[in-house]
Amino acid sequence: MKVTPVPCYADNYAYLVESADGTCRVVVDASEGPPVLTALDGGGGTLTAILATHHHGDHVDGNRDLLARFPGTPVYGHASDRGRIPGQTEYLEDGATFSLGPLTIRALHVPGHTTGALTYVVTEGAEPAAAFTGDTLFAAGCGRLFEGTPADMTRSLGKLAALPPETRVYCGHEYTESNLRFAAHAEPSNAAVEAKVAEAAALRAEGRPTVPSTIGSELATNPFFRTGEPELRNTFGIPAGADAAEALRVVREAKNTF
Ligand SMILES: [Zn+2]
């Protein structure tokens, strides 16, 4: 499987996912039409399916352009996003698993950022999976809670934390450097964060995306996966006895104003 990030708008990523034999070509989050169509034209001009992680415009605005060029392409999203994703034809529930050519796709329902947020876990053969997390999990961050509670997001991040550590994480925005600044504030003595700050700065200096991360890297660096850590709790004044959802609420609110 080959995954190509397609920069869209100011800091969005759409993704072109192609099977190793090139027969299956899937777009995850068609943020806007022109750059995604250019990416599709580059490799033979076919499209197998569109996967939408959630209904926000900066993740689905390009659907109409893609469907105008490739009429009849199936568009996948969560069942609860019916009426909110342009062109949606497939209405997925948590755990839905389906094949597109050689690719196997499992949809995880991860509410919090939006009610119908999905993460798509894509595999081909024995290679590590690629998880397309939309605005639920970012490198070193998580999405804002527009339609869900801290408890929702805690459960959703728990599902992602349970994926194999080598799972590659492709998120919806290039927010990594600012997220890492917050992570370093949260845990000043976390050496993994410090290393990742340097790595991200080097990539961005060359104009390259910081994606993919991995679940293992996120578990080591992402404050929203690390709300139980004593140093983080000390930074934000979270009592040792506070539960995971309460801790996430405090960290999310701190990030909102950081
Ligand atoms: Zn969003």
Side-chain angles (χ1 to χ4, degrees), residues 1-19 24-43 46-70 73-92 96 98 100 103 105-122 129-139 141-144 146-147 156 160 167-176 209-213:
M1 161 174 48
K2 179 182 171 195
V3 179
T4 307
V6 182
C8 293
Y9 293 131
D11 51 30
N12 276 88
Y13 288 124
Y15 293 101
L16 175 58
V17 186
E18 298 168 282
S19 60
C24 180
R25 306 177 83 224
V26 174
V27 168
V28 181
D29 284 353
S31 304
E32 53 174 338
V36 178
L37 286 169
T38 299
L40 283 166
D41 286 342
T46 62
L47 176 61
T48 307
I50 299 169
L51 308 181
T53 60
H54 65 298
H55 71 89
H56 284 159
D58 61 326
H59 296 258
V60 300
D61 280 350
N63 285 9
R64 286 195 180 88
D65 283 359
L66 268 60
L67 291 168
R69 175 81 66 87
F70 303 100
T73 303
V75 178
Y76 291 78
H78 189 257
S80 70
D81 270 338
R82 184 180 289 270
R84 302 208 289 183
I85 294 175
Q88 185 175 2
T89 60
E90 311 299 319
Y91 302 89
L92 302 173
F98 52 99
L100 296 170
L103 304 180
I105 293 117
R106 184 162 54 106
L108 300 178
H109 186 209
V110 285
H113 178 65
T114 64
T115 307
L118 290 176
T119 285
Y120 295 99
V121 181
V122 182
F132 296 89
T133 58
D135 291 353
T136 297
L137 175 68
F138 296 121
C142 80
R144 288 176 185 254
F146 289 125
E147 298 176 6
S156 294
L160 300 179
T167 305
R168 290 169 285 168
V169 175
Y170 294 91
C171 54
H173 289 268
E174 181 59 65
Y175 290 160
T176 308
T210 59
V211 289
S213 183

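Counting begins at 1 with the first residue of the sequence.
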**Student:** Checking the side chain of Asn12 only, and the main-chain atoms of Ser31 only, is there a donor and an acceptor separated by less than 3.5 Å?
**Tutor:**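 Between the backbone of Ser31 and the side chain of Asn12 there is no qualifying donor-acceptor contact (under 3.5 Å).
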**Student:** Taking side chain as C-beta onward, heavy atoms only, is Cys171 less than 4.5 Å from Val211?
**Tutor:**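 Cys171 vs Val211: side chains touch.
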**Student:** Search all heavy atoms of Ala14 against all heavy atoms of Asp29 and return the closest pair with its distance.
**Tutor:** CB-O, 2.9 Å
**Student:** Does Arg168 CZ have over 12 foreign heavy atoms under 6.0 Å away?
**Tutor:** yes
**Student:** If I take atom OG1 from residue Thr133 and atom NE2 from residue His113, how far apart are they, to the nearest 0.5 angstrom?
**Tutor:**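 If we round to the nearest 0.5 Å, Thr133:OG1 and His113:NE2 are 10.5 Å apart.
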**Student:** Going from OG1 on Thr114 to CG on Asp135, what distance comes out if it is rounded to the nearest 0.5 angstrom?
**Tutor:** 8.0 Å
**Student:** Could you check if a side-chain atom of Leu40 sits within less than 4.5 angstrom of a side-chain atom of Phe70, using non-hydrogen atoms only?
**Tutor:**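 Result yes, sub-4.5 Å side-chain heavy-atom pair found.
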**Student:** Quick one: are Pro35 and Pro7 in side-chain contact, heavy atoms under 4.5 Å?
**Tutor:** no
**Student:** For the residue pair Tyr15 and Val122, establish whether any side-chain heavy-atom pair is separated by less than 4.5 Å.
**Tutor:**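 No, every pair of side-chain atoms sits at 4.5 Å or beyond.
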**Student:** Search all heavy atoms of Pro74 against all heavy atoms of Glu90 and return the closest pair with its distance.
**Tutor:** CB-OE2, 4.1 Å
**Student:** With sequence neighbours excluded, what pairs up with Phe98 under the ring pair (Phe, Tyr, Trp, His ring centres under 6.0 Å) test?
**Tutor:** Tyr76
**Student:** Classify the ring geometry between Tyr170 and Phe132 as parallel (under 30°), tilted (30 to 60°) or perpendicular (over 60°).
**Tutor:**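 Answer is parallel, since the angle falls under 30°.
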**Student:** Measure the spacing between OG1 of Thr46 and CD of Glu18 and express it to the nearest 0.5 Å.
**Tutor:** 8.0 Å
**Student:** Measure across Ala30 and Leu66 and return the closest heavy-atom pair with its distance rounded to 0.1 Å.
**Tutor:** CB-CD2, 3.9 Å
**Student:** State the CG-CD1 distance between Asn63 and Ile85, to the nearest 0.5 angstrom.
**Tutor:** 7.5 Å
**Student:** What pairs with Thr119 under side-chain hydrogen bond (donor to acceptor under 3.5 Å, both in side chains), at least two apart in sequence or on another chain?
**Tutor:**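 Testing Thr119 for side-chain hydrogen bond (donor to acceptor under 3.5 Å, both in side chains), a comparison that skips the adjacent residues, returns none.
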**Student:** Going by side-chain hydrogen bond (donor to acceptor under 3.5 Å, both in side chains), name the residues that satisfy it together with Asp61, two or more places apart in sequence or in a different chain.
**Tutor:**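 Tyr9.
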**Student:** Going by the rule side-chain contact (heavy atoms from CB on, under 4.5 Å), which residues pair with Ala79 if we only count those two or more places apart in sequence or in a different chain?
**Tutor:**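 Once residues adjacent in sequence are excluded, the partners of Ala79 under the side-chain contact (heavy atoms from CB on, under 4.5 Å) criterion are Tyr91, Glu93.
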**Student:** Is the closest side-chain heavy-atom distance between Val36 and Leu16 below 4.5 Å?
**Tutor:**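 They are not in contact (no side-chain heavy atoms under 4.5 Å apart), so the answer is no.
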**Student:** Residues in side-chain contact (heavy atoms from CB on, under 4.5 Å) with Thr115, at least two apart?
**Tutor:**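 So Thr115 forms a side-chain contact (heavy atoms from CB on, under 4.5 Å) with Ser80, Arg84, Glu147.
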**Student:** Taking salt bridge (Lys or Arg N to Asp or Glu O under 4.0 Å) as the test, write out the residues that go with Arg82, two or more places apart.
**Tutor:**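 Checked Arg82 against salt bridge (Lys or Arg N to Asp or Glu O under 4.0 Å); zero matches.
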**Student:** By ring pair (Phe, Tyr, Trp, His ring centres under 6.0 Å), which residues pair with His78, not counting sequence neighbours?
**Tutor:** His109
**Student:** Mind checking side-chain hydrogen bond (donor to acceptor under 3.5 Å, both in side chains) for Asp11 and listing every partner two or more places apart, or none if nothing turns up?
**Tutor:**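 Only His173 meet the side-chain hydrogen bond (donor to acceptor under 3.5 Å, both in side chains) criterion with Asp11.
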**Student:** Please round to the nearest 0.5 Å and tell me the distance separating atom OG1 of Thr73 and atom CD1 of Ile50.
**Tutor:** 5.5 Å
**Student:** Give the minimum heavy-atom separation between Pro86 and Val60, together with the two atoms involved.
**Tutor:** CD-CG2, 3.5 Å
**Student:** Please examine the side chains of Asp65 and Pro34, heavy atoms only from C-beta on, and report whether any two atoms are closer than 4.5 Å.
**Tutor:** yes
**Student:** State the CE-OG distance between Met1 and Ser19, to the nearest 0.5 angstrom.
**Tutor:**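 If we round to the nearest 0.5 Å, Met1:CE and Ser19:OG are 10.0 Å apart.
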**Student:** Residues two or more places apart in sequence or in another chain: which of them pass side-chain hydrogen bond (donor to acceptor under 3.5 Å, both in side chains) with Glu174?
**Tutor:** Tyr13, Thr176, Thr210
**Student:** For Cys142, enumerate each residue passing the side-chain contact (heavy atoms from CB on, under 4.5 Å) test, keeping only those at least two apart in sequence or located in another chain.
**Tutor:** Met153, Leu157, Phe224, Arg252
**Student:** Is there a side-chain contact between Thr48 and Leu103 in this structure, where contact means two heavy atoms from C-beta onward sitting under 4.5 Å apart?
**Tutor:**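 No. Closest side-chain heavy atoms not under 4.5 Å.
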